[in-house]
**Q** 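Take this structure first; my questions come after.
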Amino acid sequence: MPEMLEIEAYRRAAEPVLGRTVSSVHAPDEWYAKGDTTTDQLRAVLTGVTVTGLRRIGKLMLVDTDGPVLGLRYGMTGRILVDEAAPIEALEYSSDRNDPAWDRFGVDFSGGGSLVIRDPRRLGGVELDPDESKLGPDAAAVTRTPFGAIVSGSSAPLKARLMDQAKLAGLGNLLVDETLFRAGLAPDRRANSLADEEISRLHRTMRRTIMVLGERGGSHTGDLQPARVRGGLCPRDGAELNRADVGGRTTYWCSQHQH
DNA sequence: ATTGTGGCCTGCCCGC
DNA sequence: TGCGGGCAGGCCACAA
């Protein structure tokens with residue numbers, strides 16, 4: 001599913017639309033307009049604007065224009081199509097089918113081309129001028145000191161804290177499980193129980209994991225990923241993996257080396 | 001404020 | 001062969 005790595009790939013794929021002007025807006029799904037935004041508003045406000053920038057904070061993609069900022073969320077199954085081409089053809093837990101009926105939002109540009117969100121399960125959404133201050137620092141960029149404060153500032157399970165987008169933006173279920181697997185930390189530890197050395201190790205490991213999986217091609221390319229099934233065994237030491245709900249998400253971790 | 005829970009969306013897969 | 005239940009998780013509303 002799209003976590004920050006996939007959203008970054010989407011952002012890069014969208015770069016050809018920089019400088020283009022929106023000629024028409026396709027917004028057939030009222031459910032897909034989030035916050036105070038309506039589909040009428042999307043059509044009225046975006047028609048005629050020129051794209052001036054493309055940014056990403058965590059899983060939120062931001063399209064800057066000479067009008068409002070357009071915020072795009074992809075949920076679990078959303079993909080981007082730029083000029084009819086998809087940079088990522090298949091997603092974990094999504095369909096291999098590719099049905100235009102799943103186009104929930106899109107814009108056409110003067111002189112040709114388009115930007116479309118195709119999302120079978122409608123878990124993504126579109127919002128005008130989203131409140132960027134509601135997100136914590138991006139996980140790929142956060143430095144040790146603020147990261148330490150984020151981890152230490154909560155008694156919630158470590159995994160829940162790392163997935164709290166208001167505190168740290170970008171990690172989803174797969175990236176977090178892979179990071180904790182590599183760092184040797186148990187997801188159900190209380191976040192504020194980590195020693196300084198463990199926080200440093202977690203910070204290093206998180207950033208390295210984001211980098212490595214980014215190079216491999218996505219959040220589903222982790223070493224733990226093939227073992228994330230019932231009865232799976234730890235790829236590092238062969239021990240049984242624990243499977244439990246942590247932070248509201250199905251979580252796999254090694255019964256031996258993650259403490 | 002923090003933390004935890006449940007529901008939403010829908011396609012796919014498994015077992016009967 | 002068809003059918004139904006369970007499952008996936010990002011996000012939000014809500015409760016305590």
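Chain A is the first sequence line, chain B the second, and so forth, proteins listed ahead of strands; every chain is numbered from 1.
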**Q** Side chain to side chain donor-acceptor pair (under 3.5 Å) between A:Thr38 and A:Glu30: does it pass, once the steps are laid out?
**A** CA-CA 7 Å; A:Thr38 64; A:Glu30 200 63 50; 4.9 Å; no
**Q** Looking at A:Lys159 and A:Asp188, is any side-chain nitrogen of the basic one under 4.0 Å from a carboxylate oxygen of the acidic one?
**A** no
**Q** Just distance, no hydrogens or angles: give the donor-acceptor pairs under 3.5 Å from side chains in residues 141-148 of chain A, sequence neighbours left out.
**A**
{"residue": "A:Arg144", "atom": "NE", "partner": "A:Ser200", "partner atom": "OG", "Å": "2.9"}
{"residue": "A:Arg144", "atom": "NH2", "partner": "A:Asp196", "partner atom": "O", "Å": "3.3"}
{"residue": "A:Arg144", "atom": "NH2", "partner": "A:Ser200", "partner atom": "OG", "Å": "3.4"}

**Q** Is it true that A:Arg55 and A:Asp138 make a salt bridge, defined as a side-chain N closer than 4.0 Å to a carboxylate O?
**A** no
**Q** Does the pair A:Glu198/A:Arg189 count as a salt bridge with the N-to-O cut at 4.0 Å?
**A** yes
**Q** Would you tabulate the nitrogen or oxygen pairs shorter than 3.5 Å linking the protein to nucleotides 3-5 of chain B?
**A**
{"residue": "B:dT3", "atom": "OP1", "partner": "A:Ser154", "partner atom": "OG", "Å": "3.2"}
{"residue": "B:dT3", "atom": "OP1", "partner": "A:Ser155", "partner atom": "N", "Å": "2.8"}
{"residue": "B:dT3", "atom": "OP1", "partner": "A:Ser155", "partner atom": "OG", "Å": "3.1"}
{"residue": "B:dT3", "atom": "OP2", "partner": "A:Ser154", "partner atom": "OG", "Å": "3.0"}

**Q** Can you name the residues that form a salt bridge (charged side-chain N to carboxylate O under 4.0 Å, His left out) with A:Lys59, not counting sequence neighbours?
**A** none
**Q** Which protein N or O atoms sit under 3.5 Å from an N or O of nucleotides 4-7 of chain C?
**A**
{"residue": "C:dC7", "atom": "OP1", "partner": "A:Arg230", "partner atom": "NH2", "Å": "3.3"}

**Q** Just list the side-chain donor-acceptor pairs under 3.5 Å for residues 236-244 of chain A, sequence neighbours left out, or say none.
**A**
{"residue": "A:Asp237", "atom": "OD1", "partner": "A:Ala239", "partner atom": "N", "Å": "3.1"}
{"residue": "A:Asp237", "atom": "OD2", "partner": "A:His257", "partner atom": "ND1", "Å": "3.4"}
{"residue": "A:Arg243", "atom": "NE", "partner": "A:Tyr252", "partner atom": "OH", "Å": "3.0"}

**Q** Can you find an N or O donor on one side and an acceptor on the other, under 3.5 Å apart, linking the side chain of A:Arg249 with the base of C:dA8?
**A** no
**Q** Which part of the nucleic acid does A:Lys59 contact within heavy-atom distance under 4.0 Å: base, sugar-phosphate only, or nothing?
**A** sugar-phosphate
**Q** Please list, in numerical order, the residues of residues 129-137 of chain A that have a heavy atom closer than 4.0 Å to any atom of DNA chain C.
**A** none
**Q** Short question: side chain of A:Asp108, backbone of A:Ser114 - any donor-acceptor pair under 3.5 Å?
**A** no
**Q** So, is A:Arg122 close to the B:dC8 phosphate, meaning a side-chain N or O under 4.0 Å from OP1 or OP2?
**A** no
